[in-house]
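Keep in mind that the numbers below use all heavy atoms, side chains included, and drop hydrogens, waters and symmetry copies.
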Amino acid sequence: LRINLPKDARLFTAFVNDESVSVVREGDAYLLSVSPNTDSDRSAKIRLVYAVPNAQRGRFDLIGPRLNVPLVNVSWSIVVPPGYAIDGSSGGLRLMGQKSAGRFGLSDYVAQASTNRSIEAKKAAALIDQANSLLRQGEQQQAGEVLSKAANAFALDEASNEDARVQLKTLKTQQAVVGLNTRRQRLYLDNKSNDSTRNEQLEQAATANPFMQGRTNFDPQQMDQLLMGNTVEENSALRGIAGRIVEQQLAAEPAPGAIDITIPETGKILTFTRSIQVDGETPLSLRLNIVSTRGANAWSVIILLLAVATTATTLFPRRA
């Protein structure tokens, strides 16, 4: 995904599907890798945290990022500090509601951080249970996606993270073995003859191989059946090659865990939304007129555009 932030903007963190991702700078643009949430859910949630200077007297022009994809379900949350109010707005987003926020002190920050940590730990633990359930159902592809999330979940304890990594490595190795064996079976079928050298067991295994039928899921308990017709040495070689491939894939350094910024919410919180933005290269914008309710200069107001609460869903085409 290519992202162009407003002029003089400073990017802090980027999240894809609630996981921090590596960001590469290319000229004025930022590049980050985006993938669907799951194989069954072909959408992705993007969260950006950035700051933009804005000091025009009484007027604040908030400009969103330029993206090279269409967007749906865009939401901007704006915090107006106590003593100020918005006297009119215009732009590409519509005001959907507002609420009042109380005081936000150190104790509130600690309590919120602790609550968020607890919620994330429960979500991460649920991922492992979900992955085990998918494995029992033979849903290899979805189980691998869920295990990958669990293995990179920083909210889990070290033992649970290691358990998820071991399960992920075992699953990917099995998938690689079946994939390599499928290529071997295809080579045999394309070049088989009608003489006595035919391998009937391999032909039976190829018939039962779901990969030959365009499916990506299989029951791990059927591994011996899928490898029928191979010698012990051949199966050992397949597992060795698959293990090397998977080790190299998993050895790739993951993105560092970004600090999720918690912005104090005091005063009023206004939510602006837009259902769809077809041309992502045209940035969304919002102009706010700020007035003081206690005689202060409006230009000194700090408007916090909560990029943490700004979500943009990128739709991916479903696989055939």
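Summarising the local packing, CG of D28 is surrounded by 12 or fewer heavy atoms from other residues, nucleotides or ligands at distances under 6.0 Å.
Closest approach of I63 to W76, counting heavy atoms only: C-CH2, 4.1 Å. For the pair L48 and P65, the tightest heavy-atom approach, listed with the atom from each and the gap, is CD1-CG, 4.1 Å. The shortest heavy-atom contact between R66 and P283 is CG-CD, 3.5 Å. Pairing each heavy atom of M228 with each of A205, the nearest pair is O-CB, 3.7 Å. Shortest non-hydrogen contact noted between A164 and L147 is O-CD2, 4.2 Å. Residues A143 and A131 come closest through the heavy atom pair CB-O, 3.9 Å.
Put simply, CG on D61 and OG on S90 are 8.0 Å apart, with the number rounded to the nearest 0.5 Å. To the nearest 0.5 Å, atoms CD1 (I290) and CZ (F60) are separated by 6.0 Å. The distance from the CD atom of Q185 to the CG atom of D190 is 11.5 Å, given to the nearest 0.5 Å.
Judged by distance alone, with hydrogens and angles left aside, the side-chain atoms of R94 form no donor-acceptor pair with the main-chain N or O of F272 at under 3.5 Å. Formation of a donor-acceptor pair under 3.5 Å by the N181 side chain with backbone atoms of L226 is found in this model. For Q213 (side chain) and A208 (main-chain N/O), no donor-acceptor pair under 3.5 Å exists by modelled atom type.
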N/O donor to acceptor pairs below 3.5 angstrom from side-chain atoms of residues 107-115, sequence neighbours left out:
from	atom 1	to	atom 2	distance (Å)
D108	OD2	G105	N	2.8
T115	OG1	A111	O	2.9

Going by atom type alone, with no hydrogens or angles, which donor-acceptor pairs under 3.5 Å involve a side-chain atom of residues 234-246 and a protein atom two or more places apart or on another chain?
from	atom 1	to	atom 2	distance (Å)
E234	OE1	R184	NH2	3.0
E234	OE1	T231	N	2.8
E234	OE1	T231	OG1	3.4
E234	OE2	R184	NH2	2.8
N235	OD1	N230	ND2	3.0

For residues 5-12, tabulate all N or O donor-acceptor pairs below 3.5 Å that involve a side-chain atom, not counting sequence neighbours.
none

Side chains of residues 170-180: which donor-acceptor partners sit under 3.5 Å, not counting sequence neighbours?
from	atom 1	to	atom 2	distance (Å)
T170	OG1	V166	O	3.0
T173	OG1	K169	O	2.7

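T273 is listed as a side-chain neighbour of T271, based on a closest heavy-atom distance under 4.5 Å. L32 places none of its side-chain heavy atoms less than 4.5 Å from the side chain of V24. Using a 4.5 Å heavy-atom threshold, the side chains of Q277 and T282 count as touching. The shortest side-chain heavy-atom distance between Q98 and V80 does not fall under the 4.5 Å cut-off. Side-chain contact check for L71 versus V278: every heavy-atom pair is 4.5 Å or farther apart. Counting heavy atoms from C-beta on, the side chains of L93 and L284 come closer than 4.5 Å. Between L270 and K99 the shortest side-chain heavy-atom distance does not fall below 4.5 Å.
Listed by chain and residue number, nothing satisfies the side-chain hydrogen bond (donor to acceptor under 3.5 Å, both in side chains) test with S89 (two or more places apart in sequence, or in another chain). Take R183 and apply the side-chain hydrogen bond (donor to acceptor under 3.5 Å, both in side chains) test, not counting sequence neighbours, and it matches no residue. A search for salt bridge (charged side-chain N to carboxylate O under 4.0 Å, His left out) contacts involving E200 returns nothing, not counting sequence neighbours. Shown here are the side-chain hydrogen bond (donor to acceptor under 3.5 Å, both in side chains) partners of R165, two or more places apart in sequence or in another chain: E162. In this structure N68 satisfies the side-chain hydrogen bond (donor to acceptor under 3.5 Å, both in side chains) test with no other residue, sequence neighbours excluded.
Sorted by first and then second residue, the salt bridge (Lys or Arg N to Asp or Glu O under 4.0 Å) pairs with a member in residues 69-88 form an empty list; sequence neighbours excluded.
M96 belongs to no hydrophobic cluster with other residues, because no ILVMFWY side-chain heavy atom falls under 4.5 Å from its own, directly or through intermediates. Hydrophobic clustering, defined by side-chain heavy atoms of Ile, Leu, Val, Met, Phe, Trp and Tyr closer than 4.5 Å, groups L202 together with Y188, L189, M212.
Judged by a 6.0 Å distance limit and a 45° cone about the ring axis, R25 is positioned over the six-membered ring of Y30.
Using modelled atom types, one finds no donor on one side chain facing an acceptor on the other under 3.5 Å when comparing N199 with E203.
A continuous path of hydrophobic side-chain contacts links L62 to L95 [ILVMFWY only; heavy atoms under 4.5 Å].
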